[in-house]
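The block underneath contains the structure these notes are about, expressed in structure tokens.
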Amino acid sequence: MSHVVFDGVRKVFTGGAVAVEGLDLQIRDQEFISLLGPSGCGKTTTLRMLAGLEQPSSGRIRVGGRDITDLPPAKRNVAMVFQSYALYPHMSVEGNIEYPLRKRGVPKAERGALIARTLELLDLTALKERKPRQLSGGQQQRVALGRAIVRDPEIFLLDEPLSNLDAKLRAHMRAELIELQRRLGRTMIYVTHDQLEAMTMSHRIAIMNKGVLQQLDTPDAIYRRPANLFVAGFVGAPAMNLLHGEIASVDSGAGFVTRDLAIPLPPGHAALAALPVTGTRVRAGIRPEDVRCVPGEPNARVTIIEPTGHESIVFFRWGETALVARVDGETRLTAGEKVRLEIRAQNLHLFAEDEAGRRIGS
Amino acid sequence: MSRRGPLGFALYSLFAWSIVALVAFPLLWMVVTSLKPQNELFRRPPTILPQIVTFEHYVKLILETPFPIYFRNSVILAIGTSFAVIVVATLGAHSLARFAYPGRRFLAQLVLFTYLLPSVVLIIPLYMLMVWLGIANTLFSLMLAYTSFALPFALWLLRSFMASIPDDLEHAALVDGASRMEAFFDVILPQALPGIISTSLFTFILAWNEYLYALVLLNRDAWRPLTTGVINMLTSAFNIEWSLLMAASVMMSVPLIVVFAFLQKHLTQGFGAGGVKG
């Protein structure tokens, strides 16, 4: 069992910079979890504390019920793939993969078979004599993975392992990693700042910002029910439209109103149960796909169109308010054109207008 | 080169070769002189190449003088110093480059500061220290003195090497199951090898050629290294044994040339690699 628990973990670097603040995180056995966040959000530090490369300033880390907080890296049964791959330049591919076995005292007789199987699994057998510098980026990446896989650790830690690959190879390796995790049935903790990677690969995503865990949930829940303004703005491309406004009555019901827009909340909307009183300042979030062009009297003007093929990202101005929408590639629009926009009110997200920016309603 | 044209190339070559000649001529003269018989040495006009080639000076030097003892002392001194400097400097440089502890920057600067002091300034204090320690007038004291002034430079050279080795390599070794020391020997040391070779070469040359400290700190003939031994043996106020001196000079140069020939590749690689971030 390799159930990972971060219990009130805090990390302050010498000089006073707080990297991770009060982290409580539970990772299930055999789970693929991504730590997602902007640069400097504490995700890599979290990973390194689990690997034993950083010591938490306070709090405990447990794996499978065992407190590992004070153990050196060698005593933890974790393997790590580094962003730079960190292959040993003076060792061959085979030597690199053998190294962890050697250091963990696996008898020489057993090593051969383990190495051969790993080389086979990652399609590296033909390259086993080569030195890392004689390999392409993708091959180096596979060697780094091989070095982690070969000793069959409880937990795999992956620190942005795909960020140095080109887009095509990255898509390919994403699929390979998912497949590998299913096959090995091991816990994988994956650090990335690329939301596409996190969304496509993970069972759950932990979103971090400024050292604080913002939300831990499935990719779907994170997209559909962001816990706060930061998550709402961070996840999704193009980013969610976030508008300043207040709660007011619209069409004899509760709604969200700005200077330019008035959006009634339909019956059954998630925010209604916890709605603040009329006149309270709030932020509303609208996903670009929830802004639609419809026939009718124009209420907005097209400013910029970014065609991507099957769809276009279109920027509008609705009075003073700027909005971005995801529009079908077939819809022909030109800059300056006047159109009628409609907002799918059912999917409107409301957040408190304060620093925490917490979601209103479930 | 092609842009310069044939005339430019010729001028360029002429310039380069004249510098080579300037540097090489004294060396050539040293070799030639050591091979001339005594009576040809001061002939006018001088002969460029020896009319009779003789090895008598070499034979005399090896069989009839303490030259072999001086040579042995120099070898012990140079190898011992290089070894001591490398052991201390690699570990020290690794510490200065990797570990975070209070005063690390200050320590690094202090090391550089000691390197900036002219060595003459340190002779008397060092000698007093050696006397106080009861090791004055031994080869060991000289080794210690050389180590003390080769070490700052070695530390700085190796520190930049160590700093250019990515942290991730060491961390990967730790996660793979190595202890700190194992990670150092398995991963860091092989990466720092060009730097270690150039540093040891630098130290070896320094210890081999050093004159001033050897002159002041050692006056027992049996422990003299080549530099002071040869001068002491072959020159006096009235006479300089030119042919023996030149033969000794040739033999003194041989170990350096051999070491250079073997390590030159690593040396250039080393000085290049130190500046480039991996």
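Within every chain, numbering begins at 1; the chains are lettered A, B, ... in the order of the sequence lines, protein sequences first and strands thereafter.
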Counting only heavy atoms not in [X], do more than 12 sit closer than 6.0 Å to its [atom1] atom?
{"X": "A:F13", "atom1": "CZ", "answer": "yes"}
{"X": "B:F99", "atom1": "CZ", "answer": "yes"}
{"X": "B:F184", "atom1": "CZ", "answer": "yes"}

> Under a 4.5 Å heavy-atom cut-off, does chain B meet the side chain of A:L87, its backbone, both or neither?
Replying inline: backbone
> What part of A:P89 lies closer than 4.5 angstrom to a heavy atom of chain B: side chain, backbone, both or neither?
Replying inline: both
Between these two chains, chain B and chain A, I want each donor-acceptor atom pair under 3.5 angstrom written on its own line with its distance.
| unit_1 | atom_1 | unit_2 | atom_2 | d |
| --- | --- | --- | --- | --- |
| B:D168 | OD2 | A:S84 | OG | 2.7 |
| B:A172 | O | A:Y88 | OH | 3.4 |
| B:A173 | N | A:Y88 | OH | 3.1 |
| B:V175 | O | A:R104 | NH2 | 2.8 |
| B:V175 | O | A:R151 | NH1 | 3.2 |
| B:D176 | O | A:R104 | NE | 3.3 |
| B:D176 | OD2 | A:Y88 | OH | 2.7 |
| B:E182 | OE2 | A:K103 | NZ | 3.4 |
| B:D186 | O | A:H90 | NE2 | 2.9 |
| B:D186 | OD2 | A:Y99 | OH | 2.6 |
| B:D186 | OD2 | A:K103 | NZ | 2.9 |
| B:Q191 | NE2 | A:H90 | ND1 | 3.0 |

> For the residue pair B:L174 and A:P73, what are the closest heavy atoms and their distance?
Replying inline: O-CB, 3.6 Å
